[in-house]
Amino acid sequence: MKKALIIVDVQNDFCEGGALAVPGSSEIIPYINLLMEENAYDQVVLTQDWHPAGHKSFASSNGRQVGESIILNGVPQFMWPDHCIQGTFGAEFHKDLNRDKVTHIVQKGKNIEIDSYSGFQDNNHFMKTGLDDFLKYHDIQLVEIVGLALDYCVKFTAQDAVANGYVTCLHFNGTRAVNVKPDNARDAIYEMIEKGVTVLG
Ligand code: VGL
Ligand code: ZN
């Protein structure tokens, strides 16, 4: 059975000092590096949040405050600080993440009008990223997921992995949450379990 590791959005803007810093984010990097050393993954995929300047998920693009919510193309959209703008330092992968075994990179959030939390598709379910095609082409049946942030991109990527037919495991020690509200991490875990994700300690 072939297995892949999917490393979600381990980028400077989501790490300490970044525009959308996730608490404790840099702690997961040694854990992820160890996973890659100790497991013979058939594929290692990075996802990269990759927004054009002026992206509609940014509060500044809508004359809003960070933390507000708007309806964007019919779905609720949290208003984020400007982050992961194409070609900037904030959009680059964290330098400590070992990329020697990476076989594929998926960029998402490129459509200025639509956000994309999942590594598989945008939030409007309008465009696929090609990740499912890549994994199917390489006969992957099991995916293990780590990265940032647990309550957004990791959760939606894991749920879509189940929906696309993969045995899907989340490494709890390899992820951290934004926790806009204190219970967001816990709620995300329960939602993932309900949808069929296996949570590993
Ligand atoms: C993410 C908020 C906005 C994430 C990306 O990677 O979880 N969160 N864009
Ligand atoms: Zn984003």
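Ligands are counted one by one from 1 in listed order, and the atoms in each one are counted from 1 as well.
- For ligand 1, the atoms sitting less than 4.0 Å from at least one non-hydrogen atom of Cys153 are 1 (C), 4 (C), 5 (C), 6 (O), 7 (O), numbered in the order shown with element in parentheses.
- Taking a 6.0 Å sphere around NZ of Lys128, one finds it holds 12 or fewer heavy atoms contributed by other residues, nucleotides or ligands.
- For a threshold of 3.5 Å applied to N or O pairs, the pair formed by Asp115 and ligand 1 contains no separation below that value.
- Residue pairs meeting the salt bridge (Lys or Arg N to Asp or Glu O under 4.0 Å) criterion with at least one partner in residues 146-175, sequence neighbours excluded, are Lys155-Glu191.
- Proximity of Leu148 to ligand 1, defined as any heavy-atom pair under 4.0 Å, is confined to the backbone N, CA, C and O atoms.
- Residue contacts with ligand 1: Phe14 is placed with no nitrogen or oxygen under 3.5 Å of a nitrogen or oxygen of the ligand (distance criterion only).
- In summary, the atoms of ligand 1 found under 4.0 Å from a heavy atom of His83, numbered by their order in the structure, are 3 (C), 9 (N).
- Protein N/O/S atoms found under 2.8 Å from the Zn ion (ligand 2): Asp49 OD2, His51 NE2, His83 NE2.
- Residue contact check: Asp49 has heavy atoms under 4.0 Å from atoms 5 (C), 9 (N) of ligand 1.
- Counting the atoms of ligand 1 from 1 in the order shown, those under 4.0 Å from a heavy atom of Asp9 are 4 (C), 6 (O).
- In summary, of the residues considered (Gln86, Gln107, His83), a side chain to side chain donor-acceptor pair (under 3.5 Å) with His51 occurs for His83 alone.
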Quiz: residues 12-19 side-chain donor-acceptor pairs under 3.5 angstrom, not counting sequence neighbours:
{"residue": "Asn12", "atom": "ND2", "partner": "Phe89", "partner atom": "O", "Å": "2.8"}
{"residue": "Asp13", "atom": "OD1", "partner": "Ala19", "partner atom": "N", "Å": "3.2"}
{"residue": "Asp13", "atom": "OD2", "partner": "Cys84", "partner atom": "N", "Å": "2.7"}
{"residue": "Glu16", "atom": "OE1", "partner": "Ser25", "partner atom": "OG", "Å": "2.9"}
{"residue": "Glu16", "atom": "OE1", "partner": "Ser26", "partner atom": "N", "Å": "3.1"}
{"residue": "Glu16", "atom": "OE1", "partner": "Ser26", "partner atom": "OG", "Å": "3.1"}
{"residue": "Glu16", "atom": "OE2", "partner": "Gly24", "partner atom": "N", "Å": "3.4"}
{"residue": "Glu16", "atom": "OE2", "partner": "Ser25", "partner atom": "N", "Å": "3.3"}

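- Considering only residues two or more places apart in sequence or on other chains, Thr47 meets the side-chain hydrogen bond (donor to acceptor under 3.5 Å, both in side chains) condition with Asp9.
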